[in-house]
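A short worksheet on the structure shown next.
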Number of protein chains: 4
Amino acid sequence: MGRREENKARKRAALLQTGLAMFLDQGVASASVEQIAAGAGMARGTFYLYFDGKDALFEAVIGQFFDPLMAMFDDVEAQLDAAKTPEACLQVYQIMAARIVMLGMTWRDVVLLVFQEMRGQSVPGLRTRERALIERITSLTQLAMDRGLVRKGDARLASLVILGAIERLYYEVLVGDLTLKEPGELATEATVVLSRILGLDLEMPRIPVG
Amino acid sequence: MGRREENKARKRAALLQTGLAMFLDQGVASASVEQIAAGAGMARGTFYLYFDGKDALFEAVIGQFFDPLMAMFDDVEAQLDAAKTPEACLQVYQIMAARIVMLGMTWRDVVLLVFQEMRGQSVPGLRTRERALIERITSLTQLAMDRGLVRKGDARLASLVILGAIERLYYEVLVGDLTLKEPGELATEATVVLSRILGLDLEMPRIPVG
Amino acid sequence: MGRREENKARKRAALLQTGLAMFLDQGVASASVEQIAAGAGMARGTFYLYFDGKDALFEAVIGQFFDPLMAMFDDVEAQLDAAKTPEACLQVYQIMAARIVMLGMTWRDVVLLVFQEMRGQSVPGLRTRERALIERITSLTQLAMDRGLVRKGDARLASLVILGAIERLYYEVLVGDLTLKEPGELATEATVVLSRILGLDLEMPRIPVG
Amino acid sequence: MGRREENKARKRAALLQTGLAMFLDQGVASASVEQIAAGAGMARGTFYLYFDGKDALFEAVIGQFFDPLMAMFDDVEAQLDAAKTPEACLQVYQIMAARIVMLGMTWRDVVLLVFQEMRGQSVPGLRTRERALIERITSLTQLAMDRGLVRKGDARLASLVILGAIERLYYEVLVGDLTLKEPGELATEATVVLSRILGLDLEMPRIPVG
DNA sequence: CATGAATGAGGTTTCATTCAT
DNA sequence: AATGAATGAAACCTCATTCAT
């Protein structure tokens, strides 16, 4: 990468970082392009050389987390299709859990930002992404039910319950109001909730995270 | 109530109602005082005779739900203190659940608004209220654990899991993406989650709601 | 008119006047709302209580001249329809000329502004108005030709020639590069052009203007 | 011309052409250097290697028409001074008309651009050029009057009338609202106007144009 | 020669809030 | 009690021009 590209990439990264910080701090609605640009060490106009506007920056910021997440789901879907036995299926499931937790840890603040803005009106696109997420989780649950891996029931309801529970736990952790003993404990807790709700009584070996 | 007070109360109510609608529709940040006042059939300036500003209106709007909710918790706390047997304890618990669901149904849109703005930065007071709510739920769970009503464990974690699960279910219902067969089914589902998470195996008679 | 309405009317008038001056001075494109508002003795925001934006102000400004002008043409059309003899027809024609000149004198600067912006791209609506004007003039000329009042020929061409000639004369007068002996001389010159182009050899009594 | 100069000239020409197109399309004020440079296949910065700025480009664009026009007038002036008989004078006059029409046809879009911007405030230099043009035409008319070629009168007024008439005709043709049967008809019409206004009754042979 | 990143002034518009009527 | 005119801060975005590479 030449000197120019390098510099450009650095500035773009600075904007993503400062934008994230400002969005988190004051909400997307009241964070201003001016502030963000200044925080990233550049003039207002320069901002527009890198992003089309505040919304585009926001999209890029959360894309850092959402894009790999969705890519991962594509991956999982393919693996599940290929899985022949319940054990293979379960393994896919577990690895997925571990990958989600790792992504969530890597993009801690982005996830927090997503929590912050998810139900607001500032960024309507988020609800769409959320819905897509729910659909994918539900279809995975349905698959697990169909293959007899878990207690049968309403896959949608169960998925929502699990999602809500983990969401809330994660949120409290991120906000600092819930302190777990070690980074991987969240995955463990998630697994517990999962097994309780889905009536999973298989022995589930713990997956090391981080 | 005299003619004057009556009129005043009517206008205040109109503002609360219009404010709620606008806040829901566009978010607190972008709803304008102008719109709200006009929607309530009065001029911009008049608005300020009833509320100190947009934030004050928002506080009043969500207070309609939160104040009775908190009052109810005061009530529950007192009753729990007075309960001598596990059965009495359970009964308090169940009545509480029913009252919460009824409150939530009565103030449907307010609750939706709270969901919308809860994690945003627009109204910082909300996080405080949320925290208070969590503390109360946790202490109730702790009490139930102490009295041997439910499986022992981390009361905080369990409470968060339950709260998160119910929250998410309720949210999907409110948003229209989850349709339940009858109004009371949410309470039933909540009970199921509760029993699964807390290992409650007592027979729980269904409580009629609404 | 109450004190309030009076004040409001005064401010609106001030904006029209200042707007006209600024538009003339720097062109519509580079005149700023800020300047105009300041020039009219009010804050930027106040401007928007009176007009929807710069374009709306411009429309209002030129409407002061164009609206009466078009109304006058409606009038003339009606009168021409009612005219039974060539002499009556001619009289209508002459009175029209006098009224146009008077309007032009009354709204001197507005007309100058119209000249300024007419062929530019800033205000596309102007070309439409201009076209309407041309059509009306053409149909009047056609009528005069049909009734044998003037030498027959291409009414459109003749009208354009006359319009262009008078336009240019008027423009030079307004800009200050052409000084006529007395206010009414423009009307006289216009009449001369008219008679030359249209081959009018009737005796045309001079119409006093102003 | 060396390879370098050739390339340079080609780029300059590209800028002139693209600039003309953009200026016509959106007006000088809102055409951006960015667009023009991009349209001419080069970067923003490169533009400034060829022109001092947007205004300089505009000057150069209209200079393409105005410079030959003025040079032609120098020419005409010299020829008129040398003309000894009225017939020679008239011939000069006619050739001039033909040359003007040809220039106008060659630089069609430039002339249209001049019409567009002439009375605006964007480019103050235009009014100066226009004034110079008027002075020259006037002095030619004066000369023709002095030599008894045309009916005597106010040379300035007559010149303006003729200029205005032709201007308007040409404008309507360029804008597409007036369609003439053949390219040269505009010259014929101009001649008619001229003869009517100046009382020219000499036989004027038609000059082939284009 | 050519580039395009950077700047920052400048423009339009919205809105919470105050205050004279 | 009610009004709505007035304010001015603040936000977004564009663009001519400069300058290091």
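Here is the naming used below: chain letters follow the sequence lines, and residue numbers restart at 1 for every chain. Note that these values count all heavy atoms, side chains included, but never hydrogens, waters or copies made by symmetry.
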query = With sugar-phosphate meaning primed atoms plus P, OP1 and OP2, does B/T46 contact a base, only sugar-phosphate, or nothing at under 4.0 Å between heavy atoms?
reply = base
request  = Output yes when a side-chain donor or acceptor of A/E117 lies under 3.5 Å from a complementary backbone atom of A/G27, and no otherwise.
outcome  = no
message = Can you tell me if C/Q17 has over 12 outside heavy atoms packed within less than 6.0 Å of its CD?
response = no
request  = Assess whether side chain to side chain contact (heavy atoms under 4.5 Å, CB included) is satisfied between B/L126 and B/F58, documenting all intermediate values.
outcome  = CA-CA 10 Å; B/L126 271 182; B/F58 180 80; 4.0 Å; yes
message = Whether B/K11 engages the ring of B/Y50 as a cation-pi pair (distance to the six-membered ring centre under 6.0 angstrom, angle to the ring normal within 45°) should be assessed.
response = no
Check: B/K54 side chain, B/S32 main-chain N or O, donor-acceptor pair, under 3.5 Å = no
query = Given that A/V33 and D/V33 both sit by DNA chain F, which one's nearest nucleotide is further toward the 5' end?
reply = A/V33
key: Atom-pair distance (CD1 on D/I36; P on F/dC15), nearest Å   = 11 Å
note = Comparing B/K8 with D/G45, nearest DNA chain F nucleotide closer to 5' gives the residue B/K8
key: Pair D/R129 + D/E59: basic N to acidic O under 4.0 Å   = yes
query = Can any side-chain N or O of A/Q35 pair as donor or acceptor with the backbone N or O of A/M22 at less than 3.5 Å?
reply = no
query = Just checking C/A31: base, sugar-phosphate only, or nothing, at a heavy-atom cut-off of under 4.0 Å?
reply = sugar-phosphate
note = Note: chain D reaches DNA chain E at heavy-atom distances under 4.0 Å over the stretch, first to last nt, 5' to 3', of E/dC1 to E/dA6
request  = Measure from the side-chain heavy atoms of A/R44 and tell me the nearest of F/dC15, F/dG4, F/dC13.
outcome  = F/dC13
task = Take the protein atom CE of A/M22 and the nucleotide atom C1' of F/dA11, then report the distance between them rounded to whole Å.
result = 15 Å
request  = Taking C/E130 for its side chain and C/M118 for its backbone only, find out whether a donor-acceptor pair lies under 3.5 Å.
outcome  = no
query = Do C/Q64 side-chain atoms and C/W107 backbone N/O form a donor-acceptor pair below 3.5 Å?
reply = no
message = Using only atom types and a distance under 3.5 Å, with no angle test, would you say the side chain of D/T46 pairs donor to acceptor with the backbone of D/M42?
response = no
ask   = Can you tell me if CG on A/D67 sees more than 12 non-hydrogen neighbours from other groups inside 6.0 Å?
value = yes
message = Expected output is a numbered-order residue list: members of residues 48-57 of chain A with a heavy atom under 4.0 Å from any atom of DNA chain E. What is it?
response = A/L49, A/Y50
Contiguous pairing runs of three or more, Watson-Crick or G-U under 3.5 Å, that involve DNA chain F = E:2-21 with F:2-21
key: Whole-Å distance separating the CZ atom of B/F47 from the P atom of F/dA1   = 17 Å
Rounded interatomic separation in angstrom, taking NZ from B/K11 and C1' from F/dA2 = 7 Å
